[in-house]
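Below, read A as the first sequence line, B as the second, and so on, with proteins coming before strands; counting in each chain starts at 1.
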2 protein chains.
Amino acid sequence: MNYYVSLGYSQGVTTTGTARETTTLTGPGAARQHTLRERNLELVARAVFEVPEPLSRAGVAAATGLARATVSTLVDQLVAAGLVRELPAVTGGRAGRPAVPLVPAPRSVVGLGLEVNVDYLGVRVLDLTGDAVAERVVPGAFHDSDPAVVLSRLGDIAREVSDGVAASGMTVAGARLALPGLVDPRTARLEVAPNLGWSSLEPVPLLGLGALDVRVANEAKLAALAELAGGSDVVAPDSFIFVSGDVGIGAAIVVDRELFLGERGWNGEIGHVVVDPSGPRCSCGAFGCLEQYAGKEAMMRAAGLPPDAPLGSLVTLLADADADLPAGRALGSALADFVNLFDVSTIVLGGAYTELLPWLRADVEAVLADRVLAAPFVDLQVRAAQAGPQAALTGGAREVLQVVLADPAAWV
Amino acid sequence: MNYYVSLGYSQGVTTTGTARETTTLTGPGAARQHTLRERNLELVARAVFEVPEPLSRAGVAAATGLARATVSTLVDQLVAAGLVRELPAVTGGRAGRPAVPLVPAPRSVVGLGLEVNVDYLGVRVLDLTGDAVAERVVPGAFHDSDPAVVLSRLGDIAREVSDGVAASGMTVAGARLALPGLVDPRTARLEVAPNLGWSSLEPVPLLGLGALDVRVANEAKLAALAELAGGSDVVAPDSFIFVSGDVGIGAAIVVDRELFLGERGWNGEIGHVVVDPSGPRCSCGAFGCLEQYAGKEAMMRAAGLPPDAPLGSLVTLLADADADLPAGRALGSALADFVNLFDVSTIVLGGAYTELLPWLRADVEAVLADRVLAAPFVDLQVRAAQAGPQAALTGGAREVLQVVLADPAAWV
DNA sequence: CGTAATAGTTCATTCGTACAACAAATGCGG
DNA sequence: CCGCATTTGTTGTACGAATGAACTATTACG
């Protein structure tokens with residue numbers, strides 16, 4: 001099943017009949033003729049967008065099971081809408097009329113990724129081909145900042161960038177704002193972001209982006225979506241646990257290429273999983289949370305560095321000394337709980353862990369092998385994240401484009 | 001989103017065209033005219049089946065958004081197929097032609113729930129109304145038993161019961177076998193069931209049930225599905241964590257009334273979540289697993305009872321003494337991890353915990369309040385299971401009927 | 001008893017896909 | 001160099017399913 005559920009918008013259908021008969025049914029509503037068309041349009045769009053090498057109309061027909069005639073009309077609509085482009089017919093060494101390769105149209109519809117993090121603001125624009133069309137990342141220090149000021153500044157940058165791409169004829173389909181904290185994508189509320197010192201606010205209006213469709217999500221969740229694009233040589237797994245280590249530690253679960261969000265999008269709080277109840281007190285009030293062992297500040301302190309030293313200093317120190325990070329066993333323990341509870345066999349380590357993985361891997365894998373009940377029967381994989389810097393920006397923009405892809409009919 | 005994904009059968013569509021064009025697309029395949037009908041049939045069937053009081057054709061039309069004419073033809077098909085029955089028209093105090101109430105047809109199509117557990121074998125048959133049409137539960141001791149012998153015996157009982165209901169004119173739609181261990185519903189393999197002493201086998205053929213569609217699942221998963229029926233007065237939550245405590249401790253996650261299974265259905269292994277790394281060694285080899293604090297044997301031992309004493313003896317002992325169970329804090333700690341990782345706010349305690357809840361609740365709730373990061377923003381609920389004894393039998397049978405409901409077109 | 005109201009049915013219309021025939025464009029063998 | 005097989009893409013007809021409007025059936029109410 002691969003229906004894409006856009007962030008925070010579930011599809012309950014509430015129908016009200018006469019006074020006596022008011023009933024709510026969840027799930028997709030009544031299917032009409034145009035529902036057929038919408039679904040097949042999506043099918044064709046996915047075939048064009050998600051296949052490694054370009055397909056022809058006939059190829060799409062074969063891949064989808066639709067009749068060639070049907071595919072032709074659908075493709076024509078996508079081309080007319082500017083979502084798909086025809087490449088020159090390729091007359092490659094075999095008989096028959098040459099096929100017209102179909103590719104996602106570059107620089108047509110784009111998605112905006114926005115992010116506020118502790119040490120930067122960022123905006124990134126991706127088009128349907130996955131290319132970064134524009135980008136601005138502004139370093140800063142936003143610990144204990146004023147959300148109104150910071151978000152309005154980010155909004156200014158976003159508007160600037162957005163106006164730029166719009167001036168080149170591209171359509172901005174929407175934006176996703178990544179925040180490091182408890183965010184409910186459905187209500188677009190931020191409950192608390194400890195490292196920003198923000199709490200209980202609605203970030204979207206503060207951006208001042210007018211009618212643009214802006215949704216909010218946790219930073220680790222969007223970074224996980226960025227992983228789905230895969231690396232240059234590494235193909236992305238369909239299901240994985242993504243752990244983003246920084247001052248706080250967040251995680252996301254991707255199953256069958258879809259984010260699992262729980263009831264409110266507040267899942268993946270692996271930073272506060274119990275590692276040792278007799279351990280140090282955490283900022284959350286509990287004792288022995290993972291963050292106290294494998295948070296950035298704890299790792300710095302354990303290495304004899306000041307807690308706010310740059311990550312690079314820890315890396316050079318580790319590269320010289322030939323010792324593993326003590327955080328490895330703690331991280332392994334929390335990950336083992338995660339895997340025992342979720343049954344997802346690939347773990348992608350992002351944020352600070354990406355660089356630190358060489359000094360974590362041995363301990364993490366050893367503890368996983370010890371503690372994961374299914375370890376004898378599964379090939380547990382621990383990988384470094386591939387998505388590059390400010391992954392949440394990429395993931396947010398990708399999420400916007402996924403919504404376009406899920407309903408191309410809205411764009412024809 | 002409420003598409004029902006039947007246990008272990010995901011719907012990847014692989015289409016093979018000519019030699020050059022072989023492409024795989026996940027998700028539902030091409031939508032044709034008959035797809036429309038199937039989907040609307042499902043919609044109508046769900047409206048009839050999942051609504052508290054009977055709807056008329058007109059009521060279904062209002063609830064689904066379909067035209068009355070369409071609903072009429074669809075309902076007629078369901079009635080002809082024997083899945084839906086018309087009650088006598090009710091001429092209740094208002095003007096107009098009296099409505100014909102539609103209800104699930106009793107004793108027409110039934111589902112079989114099967115279970116092997118440590119202390120019993122069971123078979124239960126449910127019809128579309130949710131009534132138990134037949135049932136056999138045979139006590140026994142199956143610790144370290146021979147799977148071939150036990151499963152063949154269960155198969156015999158199942159065949160007997162199944163033949164009985166078939167003789168009364170009912171159609172058996174399929175069966176689900178619940179097992180206490182690591183089971184992959186997709187491959188129908190049991191990897192290991194520690195408390196039965198079983199490992200690495202394919203249970204379905206050993207039942208000897210011939211062509212009947214039998215699928216396999218973990219006991220806690222199916223028991224969780226039983227919870228969805230709700231209690232006599234309590235309405236079931238749409239999303240919850242179900243924890244089944246016994247010798248081992250298993251759990252299941254239900255989100256939007258659907259089981260979350262992870263990659264292989266091996267999730268929910270909360271019994272081996274870390275409570276205290278300096279704690280006692282677990283049967284799994286690791287240290288300080290929840291099972292060592294809140295497994296049935298550990299709880300018995302902590303209360304000064306023999307580990308294999310019946311649960312009732314612990315209950316009477318607790319009822320006399322006015323003390324909480326020490327397991328409460330450990331259980332709370334593991335549940336806090338679960339909630340932090342999943343973001344599901346309702347916890348249903350099943351198995352032995354159902355009866356023990358009064359002596360667990362205070363500690364569980366206190367630890368949850370301490371350790372769950374989102375606790376200040378959510379109303380965390382801890383409830384006792386409602387589904388009654390051998391819940392997995394009920395859940396398994398329900399699961400079969402859900403598959404019928406998801407594709408009534410197959411029965412018309 | 002007539003009228004309003006509600007449930008259910010009948011039928012022409014509309015829309016989207018399938019199938020088959022056809023047109024277009026190429027490679028290849030003689 | 002030409003005819004033929006081959007593959008792509010298009011055109012036109014047929015079919016299936018939902019719709020809305022009109023119609024029938026059955027009740028309550030004044």
Would you check if [X] and [Y] make a side-chain contact, meaning some heavy-atom pair closer than 4.5 Å?
X	Y	answer
A:R215	A:D213	yes
B:T171	B:S108	no
A:L401	A:F49	no
B:L102	B:L55	no

> Charged N to carboxylate O under 4.0 angstrom, B:R107 versus B:D127?
Replying inline: yes
Scan nucleotides 25-29 of chain D against the protein and return all N/O pairs shorter than 3.5 Å with their distances rounded to 0.1 Å.
unit_1	atom_1	unit_2	atom_2	d
D:dT26	O2	B:R97	N	2.9
D:dT27	O3'	B:T91	OG1	3.1
D:dT27	O2	B:G96	N	3.0
D:dA28	OP1	B:T91	OG1	3.2

>> Once rounded to the nearest 0.5 Å, what's the spacing between atom CZ of B:R32 and atom CD of B:E38?
In response: 10.5 Å
> Between CG of A:L259 and CD of A:E399, what distance do you get to the nearest 0.5 Å?
Replying inline: 7.5 Å
Extract from the structure each pairing of a protein N or O with an N or O of nucleotides 12-19 of chain C at less than 3.5 Å, listing the distance.
unit_1	atom_1	unit_2	atom_2	d
C:dC15	O2	A:Q33	NE2	2.1
C:dG16	N2	B:Q33	NE2	3.3
C:dT17	OP1	A:N40	ND2	3.1
C:dT17	OP2	A:R37	NE	3.3
C:dT17	OP2	A:R37	NH2	2.3
C:dA18	OP1	B:R32	NE	3.0
C:dA18	OP2	A:A67	N	3.1
C:dA18	OP2	A:T70	OG1	2.8

> Nearest-Å distance, CG (A:L55) to P (D:dT7)?
Replying inline: 17 Å
> In whole angstrom, what separates A:L87's CG from D:dT8's C1'?
Replying inline: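 Going from CG in A:L87 over to C1' in D:dT8 covers 16 Å.
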>> When you measure from the side-chain N and O atoms of A:S72 to the phosphate of D:dT10, is any distance below 4.0 Å, counting only OP1 and OP2?
In response: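 For A:S72, the contact criterion (side-chain N or O under 4.0 Å from OP1 or OP2 of D:dT10) is met.
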Compile the donor-acceptor pairs under 3.5 Å between side chains in residues 81-88 of chain B and protein atoms, sequence neighbours left out, one pair per line.
unit_1	atom_1	unit_2	atom_2	d
B:E86	OE2	B:R57	NH1	2.7
B:E86	OE2	B:R57	NH2	2.7

> Which is true for B:V71 with a 4.0 Å heavy-atom rule: it touches a base, it touches only sugar-phosphate, or it touches nothing?
Replying inline: nothing
